Amino acid sequence: MLYKKVTHVLFDLDGLLIDSEKLYTEAFTKVCAKFDKEFTWELKKTILGFQGPECAEKIIKTLGLPINAEAFMAECRKEYDVLFQKVQLMPGAKKLVEHLHSKGVPIALATSSGQDSVDLKMQNNKDFLKNFHHLTMGTTDPDVTKGKPDPAIFLVCASKFPDKPKPEDCLVFEDAVNGIKAACAAKMQVVVVPDPRIEPELLKDATLHLKSLEEFQPELFGLPPYD
């Protein structure tokens with residue numbers, strides 16, 4: 001398959017650059033257990049890529065929890081304060097991001113998380129964030145009117161580069177099906193590094209499917225190769 005040359009790169013955060021999804025699962029599992037409900041993988045995979053309030057609403061509705069989204073999120077935040085102190089970067093994330101930055105490729109972050117959540121998760125990796133030209137955080141960015149699978153976050157993120165690249169000149173890195181849908185709706189190519197439990201047919205619209213960021217070859221998309 002031939003890939004189109006790109007000039008700009010947009011990265012998702014959770015589950016792609018940082019190994020935070022298992023921590024979200026742990027938090028949701030603990031909160032649901034307080035109401036004698038089980039947070040399953042079947043439910044988890046439907047909310048990957050969603051913004052916080054959307055996750056809360058879906059979990060509450062699916063499991064019939066007797067609280068509202070605000071209360072659910074408040075309970076989760078108590079868990080996050082402890083769990084997110086140990087977030088690690090995913091294999092290959094540091095190498096790829098620092099490589100693109102050092103070669104002058106404009107890169108940005110497009111995450112469904114809000115500012116407080118990003119600050120909490122990245123407290124031990126603040127220098128890593130300095131590689132990005134800008135961070136677009138869906139939950140707290142007023143320009144992002146809808147969460148993934150809507151393309152808004154990627155279109156807004158791309159528009160914040162000074163040279164305002166066309167969508168087709170942008171490459172998106174994602175781990176979630178909702179992220180693939182959002183990138184495709186934005187008319188951008190998308191590299192997916194999914195949870196291995198996600199069914200392959202759900203990933204068919206991705207431009208390229210990898211098991212790890214370590215497998216990525218930048219030159220496939222006309223980006224500077226590793227030295």
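Small disclaimer: the values here were computed from a predicted structure and weren't measured. Values below: all heavy atoms of this structure, side chains included; hydrogens, waters and symmetry mates excluded.
Residues Pro218 and His99 are in side-chain contact: their nearest non-hydrogen atoms beyond the backbone lie under 4.5 Å apart. Counting only heavy atoms from C-beta outward, the side chains of Asp141 and Lys160 approach each other to under 4.5 Å. A heavy-atom distance below 4.5 Å is not found between the side chains of Leu109 and His134. By the 4.5 Å heavy-atom criterion applied to side chains, Phe221 and Lys5 are not counted as neighbours. Using a 4.5 Å cut-off on side-chain heavy atoms (C-beta onward), Ser159 and Phe154 make no contact. Under the 4.5 Å side-chain criterion, counting only non-hydrogen atoms from C-beta, Lys4 is in contact with Gln189. Two residues are said to be in side-chain contact when any heavy atoms from C-beta on lie closer than 4.5 Å; Met188 and Leu171 fail this criterion. A 4.5 Å side-chain heavy-atom check between Asn125 and Leu129 finds every atom pair outside the cut-off.
Using a 4.0 Å cut-off between charged side-chain N and carboxylate O, Glu75 and Lys34 make a salt bridge. Under the 4.0 Å criterion applied to side-chain N and carboxylate O atoms, Lys30 and Glu26 are assigned as salt-bridge partners. Salt bridge annotation for Glu98-Lys95: absent, with no cationic side-chain nitrogen under 4.0 angstrom from a carboxylate oxygen. The pair Asp19-Lys22 meets the salt-bridge criterion, with a side-chain N (NZ, NE, NH1 or NH2) lying under 4.0 Å from an Asp/Glu carboxylate O. A salt bridge links Asp227 to Lys103: one of the charged nitrogens lies within less than 4.0 Å of a carboxylate oxygen.
Defined by atom type and a distance below 3.5 Å, a donor-acceptor pair is present between the side-chain atoms of Ser20 and Asp14. For the residue pair Asp12 and Thr111, no side-chain donor N or O sits within less than 3.5 Å of a side-chain acceptor on the partner. Between the side chains of His8 and Asp163, at least one donor N or O sits under 3.5 Å from an acceptor N or O. Side-chain N/O atoms of Gln123 and Asp119 include no donor and acceptor closer than 3.5 Å. Side-chain atoms of Lys121 and Tyr24 form a donor-acceptor pair, as typed in the model, at a separation below 3.5 Å.
Relative ring orientation between Phe11 and Phe132 is described as perpendicular, the plane-to-plane angle rising above 60° on a 0-90° scale split at 30° and 60°. By the 30° and 60° cut-offs, the orientation of the rings of His133 relative to Phe161 is tilted.
In Lys164, the NZ atom is crowded: over 12 heavy atoms of neighbouring residues, nucleotides or ligands sit closer than 6.0 Å. More than 12 non-hydrogen atoms from other residues, nucleotides or ligands lie less than 6.0 angstrom from CD of Glu199.
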*Take Cys76 and Phe28 through the side chain to side chain contact (heavy atoms under 4.5 Å, CB included) test and state the conclusion after the steps.*
CA-CA 7 Å; Cys76 288; Phe28 292 158; 3.6 Å; yes

_Test log, rule side chain to side chain contact (heavy atoms under 4.5 Å, CB included), inputs Lys58 and Leu43_ = CA-CA 9 Å; Lys58 177 86 187 229; Leu43 175 52; 4.2 Å; yes

_Steps toward side chain to side chain contact (heavy atoms under 4.5 Å, CB included) verdict (Cys170, Lys187)_ = CA-CA 9 Å; Cys170 298; Lys187 304 281 192 287; over 6 Å; no

*Begin with the C-alpha distance, continue with both residues' side-chain angles, and end with the deciding distance and a verdict on side chain to side chain contact (heavy atoms under 4.5 Å, CB included) for Val190 and Leu208.*
CA-CA 7 Å; Val190 55; Leu208 179 61; over 6 Å; no

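Between Ile180 and the options Val172, Leu203, Ile198, a side chain to side chain contact (heavy atoms under 4.5 Å, CB included) holds for only Leu203.
With rounding to the nearest 0.5 angstrom, the CG atom of Asn131 is 8.0 Å from the NZ atom of Lys94. In this structure, NZ in Lys45 is found 12.5 Å from CG in Asn178, a value given to the nearest 0.5 Å.
Pairs engaging residues 169-182 under the salt bridge (charged side-chain N to carboxylate O under 4.0 Å, His left out) rule: Lys148-Glu174 [sequence neighbours left out].
With sequence neighbours left out, the ring pair (Phe, Tyr, Trp, His ring centres under 6.0 Å) criterion links Phe35 to no other residue.
Put simply, Val192 and Val6 are part of two different groups of oily side chains (I, L, V, M, F, W, Y) that touch within less than 4.5 Å, one to the next.
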